[in-house]
Amino acid sequence: SGVDTVLIAEGMAPAVAAYYTALAKEAGATVKRVHPNKLRLMTGTESHQGVAAFASEIEYATVEDLLAAAKAKGEPPFLVLSDGIEDPHNLGAVMRSALLCGAHGIVIPKRGGASVTPTVIKSSAGAAERLPVARVANIGEIIRRLKEQSPQKGEDQHSRRLKEQGVFVYCADMDGVSLRKNNLTGPIALVLGSEGSGVSQLVKKLCDGVVRLDMAAPGTGVDSYNVSVAAGIILYEIQSQRAVEE
């Protein structure tokens with residue numbers, strides 16, 4: 001099922017560290033530099049040679065697999081995209097809501113966000129093992145493919161199939177349109193940003209629409225919902241609107 005994380009000991013010779021880093025990036029793994037003692041504790045051996053790789057907890061799917069799952073159910077695609085959710089508890093909670101609200105899968109980045117760790121699986125109440133997860137190099141590129149309906153000459157078959165879907169992509173952000181005022185039916189993807197900085201400006205510009213959650217308690221200093229709570233509210237609204245359409 002591949003490698004999620006590679007740990008490299010601090011103090012390793014630069015050329016050797018660069019070699020392992022290149023191998024890890026080629027495999028789509030996150031690279032972290034750690035104290036040699038941490039490696040010893042995590043691997044249970046003194047002879048770790050300064051590097052350790054940790055296997056993925058699940059079998060990752062492709063975005064095409066997620067779209068195929070929607071097609072098999074005779075439903076318009078409903079995807080969730082993580083633009084850098086970092087806290088594994090939040091990612092697990094988002095996956096739990098996504099599964100229960102009828103999403104066909106979640107897309108996470110290979111770098112710059114949490115992968116599916118044991119903590120994510122536990123926080124998801126097992127949803128992480130039932131909801132297809134695609135792990136991609138570039139969330140922005142996936143959004144472009146999902147949005148565009150007409151394939152270009154010379155494109156590979158995978159890109160052409162993705163583009164045939166014509167998915168409408170929303171992101172959640174405070175300067176968007178109130179959730180209740182959006183039509184969230186049809187082929188849809190919801191992009192959720194990181195806990196600190198939200199959806200990146202580059203990704204936000206690629207989205208077709210921006211949704212906002214209305215809030216009470218002005219002037220309290222609490223100016224946003226937790227990302228997993230926001231996800232649950234928006235995903236439930238999408239589920240409700242899709243159910244009315246059926």
Return the minimal non-hydrogen interatomic distance between [X] and [Y], and the atom names on each side.
X      : Y      : answer
Met95  : Leu131 : O-CD2, 3.9 Å
Ala9   : Pro36  : CB-CG, 4.2 Å
Gly232 : Ser97  : CA-OG, 3.8 Å
Val3   : Ala53  : CG1-CB, 4.0 Å
Arg242 : Pro76  : NH2-O, 2.6 Å
Asp223 : Met215 : O-CE, 3.4 Å

Kindly say whether [Y] contributes a backbone atom to a donor-acceptor pair with the side chain of [X] at under 3.5 angstrom?
X      : Y      : result
Ser123 : Val120 : no
Thr45  : His48  : no
Ser82  : Ile85  : yes
Glu86  : Gly113 : no
Glu75  : Ala69  : no
Asp173 : Gly176 : no

Can you list everything that forms a side chain to side chain donor-acceptor pair (under 3.5 Å) with Arg212? Sequence neighbours excluded, please. Asp214
Sorted by chain and residue number, the side chain to side chain donor-acceptor pair (under 3.5 Å) partners of Glu195 (sequence neighbours excluded) come out as Asn90
Less than 4.5 Å apart, side chain to side chain, heavy atoms only: is that true for [X] and [Y]?
X      : Y      : answer
Ser224 : Met174 : yes
Tyr60  : Ser115 : yes
Lys32  : Ile8   : no

Using a 4.5 Å side-chain heavy-atom cut-off and chaining through intermediate ILVMFWY residues, the residues clustered with Phe54 come out as Leu7, Val34, Leu39, Met42
Across all chains, not counting sequence neighbours, the side-chain contact (heavy atoms from CB on, under 4.5 Å) partners of Ala231 are Val94, Leu192, Leu235
Kindly list each side-chain donor-acceptor pair under 3.5 angstrom involving residues 13-27, sequence neighbours excluded, with atom names and distances?
residue: Thr21; atom: OG1; partner: Ala17; partner atom: O; Å: 2.7

Apply side chain to side chain contact (heavy atoms under 4.5 Å, CB included) to Leu179 and Leu184, showing your working. CA-CA 9 Å; Leu179 180 64; Leu184 304 171; 3.7 Å; yes
Could you measure the distance from the [atom1] atom of [X] to the [atom2] atom of [Y]? Nearest 0.5 Å is fine.
X      : Y      : atom1 : atom2 : result
Arg33  : Lys38  : CZ    : NZ    : 13.5 Å
Asp208 : Phe168 : CG    : CZ    : 4.0 Å
Ile238 : Ile233 : CD1   : CD1   : 12.0 Å
Tyr170 : Ile188 : OH    : CD1   : 5.5 Å
Glu59  : Glu129 : CD    : CD    : 13.0 Å
Phe78  : His104 : CZ    : NE2   : 8.5 Å

Establish whether Val167 and Val210 are linked, either directly or via other cluster members, by ILVMFWY side-chain heavy-atom contacts under 4.5 Å. no
Treating Ile, Leu, Val, Met, Phe, Trp and Tyr as nodes and any side-chain heavy-atom pair under 4.5 angstrom as an edge, say whether Leu66 and Leu100 lie in one connected cluster. no
Could you point out which residue of Ile143, Val191, Leu202 forms a side chain to side chain contact (heavy atoms under 4.5 Å, CB included) with Asp83? Val191
Mind running side chain to side chain contact (heavy atoms under 4.5 Å, CB included) on Leu79 and Leu190 for me, showing each step along the way? CA-CA 6 Å; Leu79 306 181; Leu190 173 67; over 6 Å; no
Before you tell me yes or no, could you show the steps for Lys204 and Asp175 under side chain to side chain contact (heavy atoms under 4.5 Å, CB included), namely the whole-Å CA-CA distance, both residues' side-chain angles and the distance that decides it to 0.1 Å? CA-CA 11 Å; Lys204 190 175 174 182; Asp175 65 358; 2.8 Å; yes
Counting heavy atoms not belonging to Gln49, are there more than 12 under 6.0 Å from its CD? no
Arg130 atom CZ: more than 12 heavy-atom contacts under 6.0 Å: no
Given the rule in the side chain to side chain contact (heavy atoms under 4.5 Å, CB included) test, do Ile106 and Leu99 qualify, once you have shown the distances and angles that lead to the verdict? CA-CA 9 Å; Ile106 185 167; Leu99 180 72; over 6 Å; no
Please enumerate all residues that pass salt bridge (Lys or Arg N to Asp or Glu O under 4.0 Å) together with Asp87, with sequence neighbours excluded. none
